[in-house]
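All remarks here apply to the structure that follows.
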Amino acid sequence: MLRLEARCRNAIEAPEFIMALLDILQYPDPRLHKIAQPVAKVDEGVRAIVADLFETMYAAKGVGLAATQVDIHLRIIVVDTSEQRDQPMVLINPEIVQRSAECKEWEEGCLSLPGIYDKVTRPDRIRVRALDGRGERFEIDADGLLSVCVQHEMDHLDGKVFVDHLSALKRNRIKVRMRKRQREAEPA
């Protein structure tokens, strides 16, 4: 199946990278609304960013992470929706080239909004074109959780957070709750 082939091709194979945990921006940080720029060339610097994104995503127990969420405004996302957390996939400069007419509602959460979940409706199946960790172009067909995860992370690259899909009333309540949490977490 195309999806498994793409996942295997996208694994980071360079163990010589020294990985670092990155700080994940918390909503409503305005930097989450910056639009990410395309990656001009997949080089060692980009591969180091990818390695750090994976390290950060796994440590936070997420299934996806966009570079925008760690204040790196390049079009890079990493995902791993496998139960064993052993199928890492990187998508550089991803673009959705096909969407199904059928949509499905999923409960989504986000590492930039810890503990906040709500239902979002998205196309059920997508076809995505991207570059892998070596800079090679590939396409992948995604459905189910993988489709939701890729669309969610691609929204981040376009300066959107999943709460932007909710009503203004829900979004404002979440914003107030997140600001309150941030104030409570600040040292006195």
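Given the structure is predicted, the values throughout are model-derived calculations rather than measurements.
In this structure the side chain of D155 reaches within 4.5 angstrom of the side chain of H165, judged on heavy atoms. Residues R122 and E108 have side chains in contact (heavy-atom distance under 4.5 Å, counting atoms from C-beta outward). Taking 4.5 Å as the limit, every side-chain heavy atom of D118 sits out of range of all side-chain heavy atoms of V163. Side-chain contact check for H73 versus Q37: every heavy-atom pair is 4.5 Å or farther apart. Residues Q69 and L32 have side chains in contact (heavy-atom distance under 4.5 Å, counting atoms from C-beta outward). Within the 4.5 Å cutoff, side-chain heavy atoms of M89 are placed close to those of L146. Annotation: side chain of H33 is in contact with side chain of V161 (closest heavy-atom distance under 4.5 Å).
Of the inter-residue distances, the one linking R177 atom CZ with Q182 atom CD reads 13.0 Å to the nearest 0.5 angstrom. Between atom CG of residue D52 and atom CG of residue L22 there is a gap of 4.5 Å, rounded to the nearest 0.5 Å. Atoms CZ and CG, on R129 and L91 in that order, are 13.0 Å from each other to the nearest 0.5 Å. A distance of 7.0 Å separates CZ in F54 from CG in D80, rounded to the nearest 0.5 Å. Once rounded to the nearest 0.5 Å, the distance linking CG of L25 with CG of L113 reads 11.0 Å. A distance of 8.5 Å separates CD in E139 from CD in E95, rounded to the nearest 0.5 Å.
Taking a 6.0 Å sphere around CZ of R85, one finds it holds more than 12 heavy atoms contributed by other residues, nucleotides or ligands. Atom CZ of R99 sits in a sparse spot, with 12 or fewer heavy atoms from other residues, nucleotides or ligands closer than 6.0 Å. No more than 12 heavy-atom neighbours from other residues, nucleotides or ligands sit within 6.0 angstrom of CG on D23. No more than 12 heavy-atom neighbours from other residues, nucleotides or ligands sit within 6.0 angstrom of CD on E83.
Taking all atoms of both residues into account, the shortest heavy-atom contact from P114 to M178 is CD-CE, 3.9 Å.
Note: the hydrophobic cluster containing W106 does not contain I116 (ILVMFWY, side chain heavy atoms under 4.5 Å, direct or indirect links). With hydrophobic clusters built from ILVMFWY side chains whose heavy atoms lie under 4.5 angstrom apart, V70 does not share a cluster with V63.
Using a cutoff of 4.0 Å between basic side-chain nitrogens and carboxylate oxygens, K41 and D43 are not scored as salt-bridged. A salt bridge does not link R183 to E186: none of the charged side-chain nitrogens sits closer than 4.0 Å to a carboxylate oxygen.
Panel note: side chain D132, backbone V90; no donor-acceptor pair is recorded below 3.5 Å. With hydrogens and angles ignored, the 3.5 Å screen pairs a side-chain donor or acceptor of S147 with a backbone N or O of D124.
No side-chain donor from either of D158 and H156 sits under 3.5 Å from a side-chain acceptor of the other.
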